[in-house]
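Residue indices begin at 1 and follow the sequence shown. Computed over heavy atoms, backbone and side chain alike; hydrogens, waters and symmetry mates excluded.
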Amino acid sequence: MAVRVLPQQQRAVLVAMPNGLSVRETAQRLCLTPATVKSHRRLLYRRLRVRSGAHAVATALRVGLLNLDDVQEPTGGERP
């Protein structure tokens, strides 16, 4: 896979994916419309040659577009 660098907004959308943010939450945090976030996701899927968010995150981790520092610990009552 030849993807080495992503545009800044696409990377921001990608970072939001493993952190459990919805399209609406991602749009609010990045000051984008939900339609723009969906468009960035479609472009990411095409670029990474994947069909789901989970596959996109796994592939991005494998090829070095994401690292474990990009993935935040869950907040709230998920952990004892």
Side-chain angles (χ1 to χ4, degrees):
M1 180 165 306
V3 178
R4 296 202 193 295
V5 178
L6 294 173
Q8 185 176 1
Q9 283 188 340
Q10 281 184 22
R11 187 174 193 303
V13 169
L14 179 62
V15 167
M17 293 169 70
N19 293 312
L21 297 178
S22 69
V23 168
R24 175 176 274 168
E25 290 169 329
T26 300
Q28 288 173 345
R29 285 202 181 173
L30 300 177
C31 298
L32 302 170
T33 66
T36 301
V37 171
K38 288 178 184 179
S39 176
H40 284 313
R41 283 186 175 202
R42 278 192 303 273
L43 292 168
L44 282 165
Y45 291 3
R46 187 177 310 141
R47 208 168 223 205
L48 296 173
R49 298 181 182 143
V50 298
R51 292 186 177 195
S52 72
H55 194 188
V57 170
T59 300
L61 284 166
R62 185 171 37 81
V63 301
L65 291 173
L66 281 179
N67 59 53
L68 293 179
D69 293 334
D70 295 321
V71 181
Q72 300 172 358
E73 285 292 321
T75 58
E78 293 97 12
R79 293 196 164 203

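Under the 3.5 Å distance criterion, the side-chain polar atoms of Q10 are left unmatched by any main-chain donor or acceptor of P7. N19 places no side-chain N or O within donor-acceptor distance of the main-chain N or O of L21, the cut-off being under 3.5 Å.
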For side chain to side chain contact (heavy atoms under 4.5 Å, CB included), just list the numbers for V23 and R41, CA-CA rounded to whole Å, side-chain angles, deciding distance to a tenth of an Å, and then say yes or no.
CA-CA 9 Å; V23 168; R41 283 186 175 202; 4.0 Å; yes

Return all side-chain donor-acceptor pairs below 3.5 angstrom for residues 28-40, not counting sequence neighbours, or 'none' if the list is empty.
unit_1, atom_1, unit_2, atom_2, d
T33, OG1, T36, N, 3.1
T33, OG1, T36, OG1, 2.9
H40, NE2, Q9, OE1, 3.1

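Residues V13 and Y45 share a hydrophobic cluster, clusters being chains of Ile/Leu/Val/Met/Phe/Trp/Tyr side chains in contact below 4.5 Å.
Residue V57 forms a side-chain contact (heavy atoms from CB on, under 4.5 Å) with just one option from V15, V50, L66, L44, and that option is L66.
Take R51 and apply the side-chain contact (heavy atoms from CB on, under 4.5 Å) test, not counting sequence neighbours, and it matches no residue.
At a threshold of 4.5 Å between non-hydrogen side-chain atoms, the residues L68 and L61 count as touching.
The minimum heavy-atom distance between G53 and M17, with the atom names listed, is CA-CE, 3.3 Å. Among all heavy-atom pairs drawn from V5 and R47, the shortest one is O-NH1, 3.6 Å.
Note that CG of L14 and CG of L6 are 6.5 Å apart. Values are rounded to the nearest 0.5 Å.
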